[in-house]
Amino acid sequence: MKKITILFLSLICLVNISLAQDLNCTVEVITSRVQATNKQIFEDFKNSVTQFMNNRKWLSQEVRPNEKINCNLVFEFTKFSIDQFSATLSIQSSRTVYGTNYNSQIFNYVDKNCDFQYAQFQQLEFQDNSYTSNLTSLLGFYANLIIGLDFDSYTLYGGNPYFKKAQGIRDAAMSRASGWESNDGNGSRNRYFLIDNVMDDRFRPLRDAYYRYHMKGMDVMSKDASSGRAEVYRSLNDLKKVYDAMPNAFILRIWFNAKTDELIQIFKQGTPTQKNKSVELLRKMDPANGSRYEEGILKS
């Protein structure tokens, strides 16, 4: 009887752990640019960050295993001294397109200004709207941003609660660590302006685009490719409202970092008129990839 009780309690614990996992986050570390005699600390760091991201309850509602949000963090370390680290952090997230096994990339960004403390076997502590460490602030900030963008792709402005949490993390960290101020990093392309752009009403049409593109566009393409493609094209017109107001908006660059390859694949299957119109819009809003759009869509 005692063994049955222990087994039952163990199963309850496993179920609770499974339900607590809102993110399906893979973590990679690249150490080729640093010299370290203790390589194990980087493996311990990877394991700590993986557990922090995957075992924490980020959402208020329960999440089924197939509803976990897929994301990937890659830390490329550039400096290391005892417990002081500098790294470039690459963040990607995606969500599954309804009725398919295809994952559509939602977010793709490289943060080049990540300095933090980490001691081997350190337990990572975190609380919303307060500062505990720069490392957990970074992780909490991007976790909430990833979740917010994912929710925006299913419900119009559904990501608001998580964007507000990300903004609160930024505000709490601003005077405590580097990388959070408006003048940190590459001009206006930093964490400060990333969340400000998302929350700014001037850029709300871009959030309209996240919803239209994914929920009304990608999610119907397995049943009606033509209708889905038409909605994806309409989402480009949402983006153009942002472009017309602020052509160099940071948040537009974030969108195209994630979507360029996918847009080519979508519109290369379109009608001749759709191809021409989409390339015209894309070349205007994303000139850095203009030749790729022309080559991939018009000459396919």
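Any value given below was found using the heavy atoms of this structure, including those in side chains, with hydrogens, waters and symmetry copies removed. As the structure is a computational prediction, the values presented were derived from the model and not from experiment.
- Between Arg33 and Thr31, every side-chain heavy-atom pair lies at or beyond the 4.5 Å cut-off.
- Exactly one residue among Val27, Leu89, Ile169, Leu124 makes a side chain to side chain contact (heavy atoms under 4.5 Å, CB included) with Leu139. That residue is Leu124.
- Asp244 has a carboxylate O that lies under 4.0 Å from a charged side-chain N of Lys240, or vice versa, which qualifies the two as a salt bridge.
- Shortest non-hydrogen contact noted between Leu239 and Ala209 is CD2-CB, 3.8 Å.
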Candidate pair Tyr102 and Glu262, rule side chain to side chain contact (heavy atoms under 4.5 Å, CB included), full reasoning: CA-CA 11 Å; Tyr102 175 72; Glu262 189 169 84; 2.5 Å; yes
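- Checking side-chain atoms of Gln84 against main-chain N and O of Ser81 turns up no donor-acceptor pair under 3.5 Å.
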Test side chain to side chain contact (heavy atoms under 4.5 Å, CB included) on Arg56 and Leu23; report intermediate values, then the result. CA-CA 8 Å; Arg56 182 178 175 81; Leu23 298 179; over 6 Å; no
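- Considering only heavy atoms from C-beta on, Leu281 stays 4.5 Å or farther from Arg283 through its side chain.
- Using modelled atom types, one finds no donor on one side chain facing an acceptor on the other under 3.5 Å when comparing Glu280 with Tyr293.
- Counting all heavy atoms, side chain and backbone alike, Pro205 lies closest to Val242 at CB-CG2, 4.0 Å.
- Pairs of residues two or more places apart, or lying in two chains, that qualify as side chain to side chain donor-acceptor pair (under 3.5 Å) and include a residue from residues 135-147 are Asp111-Tyr142, Ser133-Thr136.
- Between Phe45 and Phe77 the shortest side-chain heavy-atom distance falls below 4.5 Å.
- By the 4.5 Å heavy-atom criterion applied to side chains, Asn190 and Asn113 are not counted as neighbours.
- For Gly140 against Phe52, the heavy-atom pair with the smallest separation is N-CE2, 4.4 Å.
- No side-chain heavy atom of Val110 sits less than 4.5 Å from a side-chain heavy atom of Ile91.
- Side chain to side chain, Ser104 and Lys259 meet the donor-acceptor criterion of an N or O pair below 3.5 Å.
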Report the C-alpha separation of Tyr118 and Asp44 in whole Å, then their side-chain angles, then the decisive distance to 0.1 Å, and conclude whether the side chain to side chain contact (heavy atoms under 4.5 Å, CB included) test is met. CA-CA 10 Å; Tyr118 174 77; Asp44 292 334; 3.9 Å; yes
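- A distance of 10.5 Å separates CZ in Arg212 from CG in Leu236, rounded to the nearest 0.5 Å.
- Annotation: Phe42 is in aromatic contact with Phe80 [ring centroid separation under 6.0 Å].
- Residue pairs meeting the side chain to side chain donor-acceptor pair (under 3.5 Å) criterion with at least one member in residues 148-166, sequence neighbours excluded: Arg95-Ser153, Asp152-Arg207, Tyr157-Asp208, Asn160-Arg207.
- The shortest distance between side-chain heavy atoms of Ile147 and Ile69 falls below 4.5 Å.
- Classified by interplanar angle (parallel below 30°, tilted 30° to 60°, perpendicular above 60°), the ring pair Trp58/Phe126 is tilted.
- When each of Tyr109, Phe107, Tyr213 is checked for a ring pair (Phe, Tyr, Trp, His ring centres under 6.0 Å) with Trp255, only Tyr213 meets the rule.
- The two atoms that bring Gly168 and Asn129 nearest to each other are CA-OD1, 3.5 Å, heavy atoms only.
- When the side chains of ILVMFWY residues are joined at heavy-atom separations under 4.5 Å, either directly or via intervening members, Met199 and Tyr210 end up in a single hydrophobic cluster.
- We find that Arg292 and Glu295 are not joined by a salt bridge, their nearest charged nitrogen and carboxylate oxygen being 4.0 Å or further apart.
- For the pair Arg176/Asn134, no side-chain contact is recorded, criterion being any heavy-atom separation below 4.5 Å from C-beta on.
- Asp200 and Asn197 are not linked by any side-chain donor-acceptor pair at a separation below 3.5 angstrom, with hydrogens and angles left out of the test.
- Under 4.0 Å is where a charged nitrogen must lie from a carboxylate oxygen, and between Glu28 and Lys46 no such pair does.
- At a cut-off of 3.5 Å, with distance as the only test, no side-chain donor of Tyr211 or Ser235 sits close to an acceptor on the other residue.
- Pairs of residues two or more places apart, or lying in two chains, that qualify as ring pair (Phe, Tyr, Trp, His ring centres under 6.0 Å) and include a residue from residues 167-208 are Phe141-Trp180.
- The 12-atom threshold is exceeded at CD of Gln120, counting heavy atoms of other residues, nucleotides or ligands nearer than 6.0 Å.
- Contact record, Asp219 with Thr96: OD1-O, 4.4 Å, taken as the closest heavy-atom pair.
- Within a 6.0 Å sphere centred on NZ of Lys223, other residues, nucleotides and ligands contribute 12 heavy atoms or fewer.
- Ion pairing between a basic and an acidic side chain is recognised when a charged N comes within 4.0 Å of a carboxylate O; Asp22 and Lys68 show no such pairing.
- Around the CD atom of Gln40, the shell of radius 6.0 Å holds more than 12 heavy atoms that belong to other residues, nucleotides or ligands.
- Rounded to the nearest 0.5 Å, atoms CD (Gln92) and SG (Cys25) are 10.0 Å apart.
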Side chain to side chain contact (heavy atoms under 4.5 Å, CB included) between Arg191 and Arg170, intermediate numbers included: CA-CA 8 Å; Arg191 259 169 263 146; Arg170 180 206 66 184; 5.6 Å; no
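- A salt bridge between Asp115 and Lys79 is absent, with no side-chain N of the basic residue lying under 4.0 Å from a carboxylate O of the acidic one.
- Taking both residues in full, the closest heavy atoms of Glu231 and Lys216 are given as CG-O, 3.4 Å, listed atom of the first, atom of the second, then distance.
- There is no side-chain donor-acceptor pair under 3.5 Å between Gln122 and Asp83.
- The closest side-chain heavy-atom distance from Phe75 to Val49 is below 4.5 Å.
- A side-chain donor-acceptor contact under 3.5 Å links Asn24 and Asn70.
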